[in-house]
Amino acid sequence: MENFELYTLKIFNTWDPTDDKNFWECVVEIPDICSLYQLHLFIQDTVDFENDHMFEFYAGRNEDNRKLEFSQNSGYPDDGGDYETITLKDVYPLKGLKLYYFFDYGANWIFEFHKKRKKVIPQKGLIYPRIVSDNGIKLRQNDYEGDDEGY
């Protein structure tokens, strides 16, 4: 792998369909050369989702305030489209905005990212991206199926 800088990202879901308010979050170390599509795949794997819906990334002051869209098109499970060519180093710095990942337009899974400023040196023998820590109740994709049963 070519030279890269590691970013430390705190990732958490912004909405909990179970309403128990014990939101899941994790801290990951990820190379700045990873594409947004690779980040999508990493999140899918991390939360054990089925990677079976469209997704997008955007930036804003909060999850409902879209200031910057990284593509006019959605990414698909097996084809990241524009997201395959946009790297994290293309995205950051966001200058007062937060990065969001929106998965499954029916269930509305939204994840927020906070990039930590502290530099981390890649270590030999470790595979990146990697989870540094996680806590809270791990999400289940089927907790909300997009139906009208009152979630």
Side-chain angles (χ1 to χ4, degrees), residues 1-18 23-120 122 126-134 136-148 151:
M1 182 178 271
E2 64 184 87
N3 290 335
F4 59 87
E5 182 178 326
L6 274 181
Y7 289 168
T8 302
L9 301 177
K10 178 180 174 185
I11 306 170
F12 59 95
N13 62 300
T14 63
W15 174 75
D16 180 2
T18 64
F23 289 44
W24 170 85
E25 67 180 33
C26 75
V27 175
V28 301
E29 292 175 345
I30 187 166
D32 64 349
I33 58 174
C34 279
S35 70
L36 291 179
Y37 182 61
Q38 290 169 314
L39 179 57
H40 154 77
L41 294 174
F42 179 73
I43 294 167
Q44 291 289 305
D45 185 54
T46 300
V47 296
D48 296 325
F49 278 11
E50 296 174 7
N51 192 25
D52 57 352
H53 293 282
M54 295 185 299
F55 67 92
E56 62 186 87
F57 287 88
Y58 63 92
R61 298 202 188 287
N62 59 52
E63 67 187 74
D64 297 323
N65 177 276
R66 291 175 184 239
K67 294 285 187 186
L68 176 62
E69 293 186 350
F70 298 102
S71 174
Q72 295 297 313
N73 302 311
S74 298
Y76 291 86
D78 296 322
D79 176 11
D82 297 340
Y83 296 113
E84 289 185 19
T85 61
I86 302 166
T87 66
L88 287 172
K89 68 180 173 181
D90 296 329
V91 170
Y92 288 104
L94 284 173
K95 299 180 181 176
L97 301 177
K98 299 171 191 165
L99 179 63
Y100 291 93
Y101 166 66
F102 182 23
F103 173 72
D104 186 348
Y105 300 151
N108 297 321
W109 291 103
I110 299 176
F111 297 82
E112 183 174 313
F113 300 81
H114 292 191
K115 181 179 172 285
K116 297 187 178 194
R117 293 182 184 189
K118 182 180 177 186
K119 289 206 176 214
V120 177
L126 293 181
I127 298 172
Y128 299 100
R130 73 182 195 104
I131 297 172
V132 175
S133 67
D134 72 323
I137 296 174
K138 199 163 204 180
L139 303 169
R140 291 188 334 223
Q141 184 173 0
N142 296 328
D143 280 341
Y144 179 72
E145 291 289 337
D147 55 26
D148 293 326
Y151 282 104

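Position 1 is the first residue of the sequence, and the numbers go up from there.
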- Message: If you compare all heavy atoms of Asn51 against all heavy atoms of Gln44, which two are closest, and at what distance to 0.1 Å?
- Response: N-OE1, 2.7 Å
- Donor-acceptor side-chain pairing of Tyr105 and His53 below 3.5 angstrom: no
- Could you check if a side-chain atom of Leu36 sits within less than 4.5 angstrom of a side-chain atom of Leu88, using non-hydrogen atoms only? yes
- Task: Mind listing the closest non-hydrogen atom pair of Ala59 and Leu94 along with its distance?
- Result: CB-CD2, 3.9 Å
- Query: Quick check: does any side chain N or O of Thr14 sit under 3.5 Å from a backbone N or O of Ile110, one acting as donor and the other as acceptor?
  - Reply: yes
- Query: Are any of the side-chain heavy atoms of Ile43 and Phe113 separated by less than 4.5 Å?
  - Reply: yes
- Item | Aromatic plane relationship, Phe4 with Tyr128 - under 30° parallel, 30 to 60° tilted, over 60° perpendicular | perpendicular
- Item | Glu5 and Lys89: CA distance, side-chain angles, deciding distance, salt bridge (Lys or Arg N to Asp or Glu O under 4.0 Å) verdict | CA-CA 9 Å; Glu5 182 178 326; Lys89 68 180 173 181; over 6 Å; no
- Sort and list the pairs that fulfil salt bridge (Lys or Arg N to Asp or Glu O under 4.0 Å) and have at least one residue in residues 77-87, not counting sequence neighbours. none
- Message: Checking the side chain of Tyr58 only, and the main-chain atoms of Asn65 only, is there a donor and an acceptor separated by less than 3.5 Å?
- Response: no
- Query: Phe57 and His40: which non-hydrogen atoms are nearest, and at how many Å?
  - Reply: CZ-N, 4.0 Å
- Query: Considering only heavy atoms from C-beta outward, does the side chain of Phe12 approach that of His114 to under 4.5 Å?
  - Reply: yes
- Shortest non-hydrogen contact from Asp134 to Cys26? CB-CB, 3.5 Å
- Task: Write down the atom of Gln38, the atom of Ile33, and the distance for their closest heavy-atom approach.
- Result: OE1-O, 4.1 Å
- Can you tell if the side chain of Tyr100 reaches within under 4.5 Å of the side chain of Asn62, non-hydrogen atoms only? yes
- Message: Looking at every non-hydrogen atom in both residues, tell me the closest pair between Thr87 and Asp32 and how far apart they are.
- Response: CB-O, 3.7 Å
- Tell me, do Ser35 and Ile86 make a side-chain contact under 4.5 Å, heavy atoms counted? no
- Taking Tyr83 as the fixed residue, which of Phe102, Phe55, Phe70 is the one that meets the ring-ring contact (aromatic ring centres under 6.0 Å, His included) rule? Phe55
